[in-house]
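All values below come from the heavy atoms of this structure, side chains included, with hydrogens, waters and symmetry mates left out. Below, read A as the first sequence line, B as the second, and so on, with proteins coming before strands; counting in each chain starts at 1.
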2 protein chains.
Amino acid sequence: MSARGRSTSDSVRVTADIVIFTIRDDALQVLLVRRGIPPFEGAWAIPGGFVLPDESLDDAARRELREETGVEDVWLEQLYTFGEPGRDPRGRVITVAYFALISPDRAPPLAGSDAAEASWFPADRTPRPLAFDHEAILATALDRLRGKLTYTSIGFELLPKKFTLSQLQRVHEAILGESLDKRNFRKRIDALGIVRPLDESVSAGAGRPAQLFAFRRPKTGH
Amino acid sequence: MSARGRSTSDSVRVTADIVIFTIRDDALQVLLVRRGIPPFEGAWAIPGGFVLPDESLDDAARRELREETGVEDVWLEQLYTFGEPGRDPRGRVITVAYFALISPDRAPPLAGSDAAEASWFPADRTPRPLAFDHEAILATALDRLRGKLTYTSIGFELLPKKFTLSQLQRVHEAILGESLDKRNFRKRIDALGIVRPLDESVSAGAGRPAQLFAFRRPKTGH
DNA sequence: TAAATAGTGTCTCTTAGACAATATTAT
DNA sequence: ATAATATTGTCTAAGAGACACTATTTA
């Protein structure tokens, strides 16, 4: 930030790319778009775009998210900034990566208006290779998400407002990639005190109907 | 990163700024430089500078760190990227912030060659206001450092290769800002298995001499 | 009544935290 | 001797994990 040091060229461009997660079919899935133009034409990529001259990084991420999915007011968090000189053949491009969590009831079945072609993929089974260094970005996002799941209540961002404890457990299992003990899981959620039972139940086909719960927002937001 | 979206102006500039921590006088201290030119002339700022055209972000941070302090091969970690449009009156400047940890035996008493004027300050008692949004950057760095201290072995980065357990405890206390129980602290360090006793002792004036230990590097680096 | 899902309690082990006395050195 | 620092163990409480049966619904 200081004015000391040599001045850089003016040709640095900055993008905000967003790793958009949701839960579909009890699996953690990520939204990818197929590139219609070079470089990496035809390859799948993490959605994103250039930051506008008078736009904050967060605003750019929110805008791209809206353009890709139509959703607003979802969990959005800056992840990491990628800036290797050779990562974009068009020139110096620095990418501020974000990740977003969208509950399945808000996630569009397919892409929004912006993308030529977009699709959801299981987060650990995306097509390869992805464009640019997007596999590294995706891996970083997965690490962050898994890490935060254990010590925060971030899992609720991937569920509708009303949900069952079994649904919540399936979200955790999908993200962590391992099955959890039902009793221990419920005990832990109960101990956190972040869940409030509602006066409703839902039956999912056969089986005993499940009680619905709502997220009781704790102290911290971000 | 996609080529969709409107193109941004070419005038975005990117800096790498580094929050450099060390331990001095049993306190966590941070290196600040006094700005010699506008904007914020005369104000204290976090050291940093523009990223060169063919330089990675990490390389830029390493270079700035070397220019400010002369040290290399210390803990250096990307922190967060700050990009509010109005944060630099000269135009659009995006700052990728890093934080570095330097052990007191390697930290220069004052600044290196690059800075007009540089000085160490207790991390929670810096001059105010700092230039730009550097108070927010510093606060973010402090949060990250405190958070990592509890679940990683990052404290060793702030000590020489040989150290006593009392020194290590003082580092933790200085960062967390609270005093710790000596027996519980040693128990926890022992349980981590990341420390190896040496065949040496040192006496610090009066009192029983203390055994020296060395850091036994665990599985993970970053 | 069979199949599917929801819901519930105990025991054990590990971990975190409170807590005080002894050991070794310099002055 | 006194002051200064280093070193060490127990008890308790809370949290994590293993583990199996009953309850309610649909087909």
Residue pair B/Arg87 / B/Thr95, side-chain donor-acceptor N/O under 3.5 Å = yes

For nucleotides 8-12 of chain D, tabulate all protein N/O to nucleotide N/O atom pairs closer than 3.5 Å, reporting atom names and distance.
| residue | atom | partner | partner atom | Å |
| --- | --- | --- | --- | --- |
| D/dT10 | O4 | B/Lys187 | NZ | 3.2 |

Do any of residues 196-204 of chain B sit with a heavy atom less than 4.0 Å from DNA chain C, and if so which?
-> none

With a 4.0 angstrom cut-off to heavy atoms of chain B, pull out the first and last contacting nucleotide of DNA chain C, in 5'-to-3' order.
-> C/dG17 to C/dA26

Under 3.5 Å, side chain of A/Arg144 to main-chain N/O of A/Gln78, donor-acceptor pair present?
-> yes

Calculate the interatomic distance between A/Asp190 atom CG and D/dG17 atom C1'; express it in whole Å.
-> 17 Å

Over how many whole Å does the gap from A/Leu180 atom CG to D/dA16 atom P extend?
-> 13 Å

Do B/Glu135 and B/Arg128 have side-chain heavy atoms sitting under 4.5 Å apart?
-> yes

Separation of D/dG17 atom C1' from A/His172 atom NE2, nearest Å, is 17 Å

For B/Ala136, does its backbone N or O pair with a side-chain atom of B/Asp133 as donor and acceptor, under 3.5 Å?
-> no

Whichever of B/Thr164 and A/Gly205 has the more 5' nearest nucleotide on DNA chain D, that residue is B/Thr164

Report yes or no: does A/Thr126 contribute a side-chain atom to a donor-acceptor pair with the main-chain N or O of A/Ala123 at less than 3.5 Å?
-> no

Taken in chain and number order and not counting sequence neighbours, the residues that satisfy side-chain contact (heavy atoms from CB on, under 4.5 Å) with A/Lys162 are A/Leu198, A/Glu200, A/Leu212

Using a strict cut-off of less than 4.0 Å between a Lys/Arg side-chain nitrogen and an Asp/Glu carboxylate oxygen, indicate whether A/Lys187 and A/Asp190 qualify as a salt bridge.
-> no

Side chains of A/Asp17 and A/Thr15: is there a donor and an acceptor less than 3.5 Å apart?
-> yes

side-chain contact (heavy atoms from CB on, under 4.5 Å) against B/Ala131, all qualifying residues, sequence neighbours excluded | B/Arg35, B/Phe40, B/Ala43, B/Ala45

Sub-6.0 Å ring centroid separation between B/Phe163 and B/Phe156 = yes

Applying side-chain contact (heavy atoms from CB on, under 4.5 Å), name anything that partners B/Asp124, two or more places apart in sequence or on another chain.
-> B/Pro122

Starting at CD1 of A/Ile189 and ending at P of D/dA16, how long is that distance when rounded to a whole Å?
-> 11 Å

